[in-house]
Enquirer: 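The following block contains the structure, expressed as structure tokens.
Ligands are counted one by one from 1 in listed order, and the atoms in each one are counted from 1 as well.
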Amino acid sequence: MTDTLLPSATTLPQERRLITELPGPRSRELMARRAAAVSAGVGGTMPVFVERAGGGVIIDVDGNSLIDLGSGIAVTTVGNAHPLVVERIQRQAADFTHTCFMVTPYAGYVEVCEALNRLTPGDHVKRSALFNSGAEAVENAVKIARAFTKRQAIVVFDHGYHGRTNLTMALTAKNMPYKQSFGPFAPEVYRMPMSYPFRDGPHSGPEVASWATSKMEKEIGGANIAAIIIEPIQGEGGFIVPAPGFLPALKEYAAQHGIVYVADEIQTGFCRTGDWFASDHEAVVPDLITTAKGIAGGLPLAGVTGRADIMDSVHVGGLGGTYGGNPIACAAALGAIEAMETEDLNARAREVEMILRERLESLASAQPAVGDIRGRGAMMAIELVMPGTVTPDPELTGRVAKAAHAQGVVTLTAGTYGNVLRFLPPLSIPDDLLRQGLDIVAAGFNG
Ligand SMILES: *Cc1c(COP(=O)(O)O)cnc(C)c1O
């Protein structure tokens with residue numbers, strides 16, 4: 001059957017090549033049609049339409065070859081159109097496209113759950129359930145934690161991002177663009193201080209955790225809290241890596257009070273940080289873990305995985321959805337996970353970190369606006385400030401990102417203050433292309 005498969009986009013030349021201005025004429029035409037057909041509420045980073053993508057490049061409809069430092073927001077970690085993903089998708093699509101797992105099940109769903117149970121932190125007995133999007137996974141983690149604890153309060157953190165549905169908007173910290181004019185929001189959500197070493201000064205992780213836990217005690221009461229939900233490295237909030245000891249202290253508090261500790265690893269999971277999951281770094285074992293983004297090589301799939309006693313505490317029929325764990329998305333996930341294991345992509349993420357660090361450190365020594373370099377693995381960022389202060393400089397951040405875009409480098413921004421440039425390259429990017437992309441970003445500071 002292999003001979004009937006379409007050729008993979010991973011054979012694309014791994015080079016930056018601009019043959020028109022950006023956007024080129026065909027992209028401009030499509031942008032006009034987009035404006036006439038697509039809601040203005042859907043944002044856009046670059047006005048460039050895509051034709052193919054693979055390795056570390058995105059080819060646009062005008063034939064320009066761009067360097068991808070975003071992976072479609074940490075999704076195509078294994079590389080766009082990875083052959084193992086493409087092949088499994090094509091086979092599954094030819095066999096059947098949907099039955100609904102709750103109506104007539106199929107093995108792919110079970111296999112993805114087995115992989116999640118095996119790869120997530122901790123060797124306790126686990127169960128998983130699959131959904132379509134990260135936000136849906138987080139919502140289900142809340143449902144499960146409430147059903148298990150018979151409590152209502154949910155604790156989240158400053159700068160946290162958990163999605164755009166009504167409940168996950170309530171969990172998300174930042175107003176613009178995620179929440180503005182979309183309320184009222186779900187109740188029983190409490191926001192606590194986050195460890196943010198660049199802005200906390202010399203306070204240790206356990207010290208900041210004690211501010212958060214004493215606030216929980218005083219304002220909610222530990223016995224009323226169903227779940228503490230935290231990104232072990234914050235994504236949209238600006239790649240904030242909490243000080244060592246912060247996450248273990250929160251986990252310990254949760255265990256003492258019968259609170260379900262939920263790690264939202266939707267952005268950090270699946271080799272992104274050089275471990276299977278960012279929680280692994282400090283050996284924190286979450287009670288529940290939410291996954292999405294990198295799990296399925298680009299197809300929409302999400303999961304909640306965790307302690308069997310918690311996951312099985314929900315009444316039969318209480319969890320599910322028409323499309324959750326779609327067979328093609330599951331096939332893609334099994335291909336992506338196979339790629340991560342056979343290509344040792346955790347090791348690759350650590351190599352990518354070395355290249356990112358080296359380039360970003362030399363940038364920081366030349367540009368006093370670079371206040372902080374942080375992140376782990378292929379999830380690194382720089383925070384831009386007024387030199388010598390911690391005052392955010394979102395204007396410079398936007399300017400540098402735009403300059404990179406104009407030169408054919410796909411870069412993303414982030415951060416509560418909009419002053420973080422984040423780098424999330426696919427792990428399939430060649431080293432020289434990554435260095436070239438970072439050099440172009442650096443040149444944007446002088447433009
Ligand atoms: C992206 C993201 C989500 C939401 O995922 P969607 O698939 O966009 O709904 C939730 N949590 C984190 C940490 C994320 O990065």
Enquirer: Could you find the nearest protein heavy atom to atom 5 (O) of ligand 1 and give me its residue, atom name and distance?
Expert: G134 CA, 3.2 Å

Enquirer: What orientation do Y196 and F198 show, parallel under 30°, tilted 30 to 60°, or perpendicular over 60°?
Expert: tilted

Enquirer: Check ring pair (Phe, Tyr, Trp, His ring centres under 6.0 Å) between H257 and all other residues, then give those that pass, not counting sequence neighbours.
Expert: Y253

Enquirer: In the protein, which heavy atom is nearest to atom 11 (N) of ligand 1, and how far is it?
Expert: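 So the nearest neighbour among protein heavy atoms is D264 OD2, 2.7 Å.
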
Enquirer: Between A135 and ligand 1, is there a nitrogen or oxygen pair with a distance under 3.5 Å?
Expert: yes

Enquirer: Please confirm whether K179 makes a cation-pi placement over F185, using NZ or CZ under 6.0 Å from the six-membered ring centre and within 45° of the ring normal.
Expert: yes

Enquirer: Check whether any side-chain heavy atom of R272 lies under 4.5 Å from a side-chain heavy atom of S71, and answer yes or no.
Expert: yes

Enquirer: Classify the ring geometry of H203 against W211: parallel below 30°, tilted from 30° to 60°, perpendicular beyond 60°.
Expert: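 Plane angle over 60°, so perpendicular.
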
Enquirer: Mark up the atoms of ligand 1 that fall under 4.0 Å of a heavy atom belonging to E231, in ascending order.
Expert: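 Ligand 1 atoms under the 4.0 Å threshold to E231: 13 (C).
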
Enquirer: Does the protein come close to atom 8 (O) of ligand 1 - that is, does one of its heavy atoms sit below 4.0 Å from that atom?
Expert: no

Enquirer: Measuring from atom 2 (C) of ligand 1, which candidate in E136, K293, E139 has the nearest non-hydrogen atom?
Expert: K293

Enquirer: With a heavy-atom distance limit of 4.0 Å, tell me whether A292 approaches ligand 1 through its side chain, its backbone, both, or neither.
Expert: neither

Enquirer: Considering only residues two or more places apart or on different chains, which pairs with a residue in residues 317-338 satisfy side chain to side chain donor-acceptor pair (under 3.5 Å)?
Expert: R88-E338

